[in-house]
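This chain uses plain numbering: 1 for the first residue, then up along the sequence. Note that the coordinates shown come from a computational prediction; the quantities given were computed from them, not determined experimentally.
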Amino acid sequence: MALVDAGRRGGWTVVLRSLGDVGECKGELAAAVALDPLNLDARDEELAIYLYAPWPIGGAAKARECIEALAALDPCAASCGARRRLDKEDRTADALARVEALAARSDLTPEDRARVALSRGQLLQTLDRFQDAAAVYAALGTGPRTTTWYLAVHERARCCQRGGFELEAAIELLDEFIAGAPVGDFMPELSSAWYRKGLCLRDLGRRDEARLAFEATLALDPDHDRARDELRAR
């Protein structure tokens, strides 16, 4: 997912500069799986590299092998992995149907149910169903401030910004995310939250505040080309 995050922040030029690190990470993950075949976190990150890294580091055939191996250990992880593969192959509607079928199962643990909901929200965003996705994240954004809570808060704000609705609420959500400064696997970086906040402020016509948000983005991530472009357009 570091590769995907790099593409979102700075475009594919940044991604190409990151490929050496991704290849090294791929080797380390393979070693971790060899030492501990039950290491689901390593298997999931290995799958992400096969799905999203360009050839020869990534590859659809190896991604399918990873999903098959996951199926024997964790059906929920395998289903989420299959969702990501279908989405990568531009079969997002098929992926959403798979995730919704999984969500209907009664034997999911609360943790697995949250993982499935996060997957569903991502797919709804891909289909530009931003209000539906925001509702999914709103349901997750209750209770204690866990990793899932912070992920849901960030993604709900992202849906509002991309869909052009509830922008003031999105800014409040992003402020909560920034104040909490959460860390964890697949957690958006603070620079992402500042950038998204800048976009909300820009769309509300609050240009001076937007500039400050984009400057904060670049202070955290000097390679964030999109924030730099926004500043040049001010």
Do you know the tightest heavy-atom contact between Ala210 and Gly198? CB-O, 3.6 Å
Taking atom CD of Glu155 and atom CG of Leu140, what is their separation to the nearest 0.5 Å? 11.0 Å
Quick one: do Glu166 and Glu172 satisfy side-chain contact (heavy atoms from CB on, under 4.5 Å)? Show the steps, please. CA-CA 10 Å; Glu166 297 181 10; Glu172 292 180 9; over 6 Å; no
Once ring pair (Phe, Tyr, Trp, His ring centres under 6.0 Å) is applied, what residue pairs with a partner in residues 143-178 remain, sequence neighbours excluded? His154-Phe177
Could you state the interatomic distance from OG (Ser119) to CD (Glu100), rounded to the nearest 0.5 Å? 12.0 Å
Would you give the length of the straight line joining atom SG of Cys160 to atom CG of Asp203, rounded to the nearest 0.5 angstrom? 12.0 Å
Cationic N near anionic O, under 4.0 Å, Arg211 to Asp208: no
With sequence neighbours excluded, tell me which residues meet ring-ring contact (aromatic ring centres under 6.0 Å, His included) with Tyr137. none
Take Asp128 and Arg162, measure what side-chain contact (heavy atoms from CB on, under 4.5 Å) needs, and give me the verdict at the end. CA-CA 9 Å; Asp128 293 342; Arg162 294 182 68 197; 4.1 Å; yes
Passes side-chain contact (heavy atoms from CB on, under 4.5 Å), Leu96 versus Arg129? Steps please. CA-CA 12 Å; Leu96 180 60; Arg129 292 171 56 183; 3.7 Å; yes
Under a 4.5 Å cut-off applied to non-hydrogen side-chain atoms, are Ile171 and Leu204 in contact? yes
Looking at every non-hydrogen atom in both residues, tell me the closest pair between Leu124 and Ala133 and how far apart they are. CB-CB, 3.7 Å
Closest non-hydrogen contact found for Ala181 with Leu190 is CA-CD2, 3.9 Å
If I take atom CD from residue Gln161 and atom CG from residue Leu199, how far apart are they, to the nearest 0.5 angstrom? 4.5 Å
Report whether Leu231 and Leu201 are members of the same hydrophobic cluster (ILVMFWY, side-chain heavy atoms less than 4.5 Å apart, transitive linking). no
Interatomic spacing from CD in Glu168 to CZ in Arg206 - rounded to 0.5 Å: 5.0 Å
Decide yes or no for Lys197 and Thr217: does some side-chain heavy atom of the first lie under 4.5 Å from some side-chain heavy atom of the second? no
Can you name the closest pair of heavy atoms from Ala103 and Arg113 and give their distance? O-NH1, 2.9 Å
d(Leu218 CG, Arg228 CZ) to nearest 0.5 Å is 5.0 Å
Pairing of Asp229 and Arg226 as salt bridge, 4.0 angstrom limit: no
Member of Leu174, Leu212, Asp221, Leu220 meeting the side-chain contact (heavy atoms from CB on, under 4.5 Å) criterion with Trp194: Leu220
For a salt bridge (charged side-chain N to carboxylate O under 4.0 Å, His left out) check, start with the C-alpha distance between Asp112 and Arg115, then their side-chain angles and the critical distance, and finish with the verdict. CA-CA 5 Å; Asp112 283 345; Arg115 288 162 62 194; 2.7 Å; yes
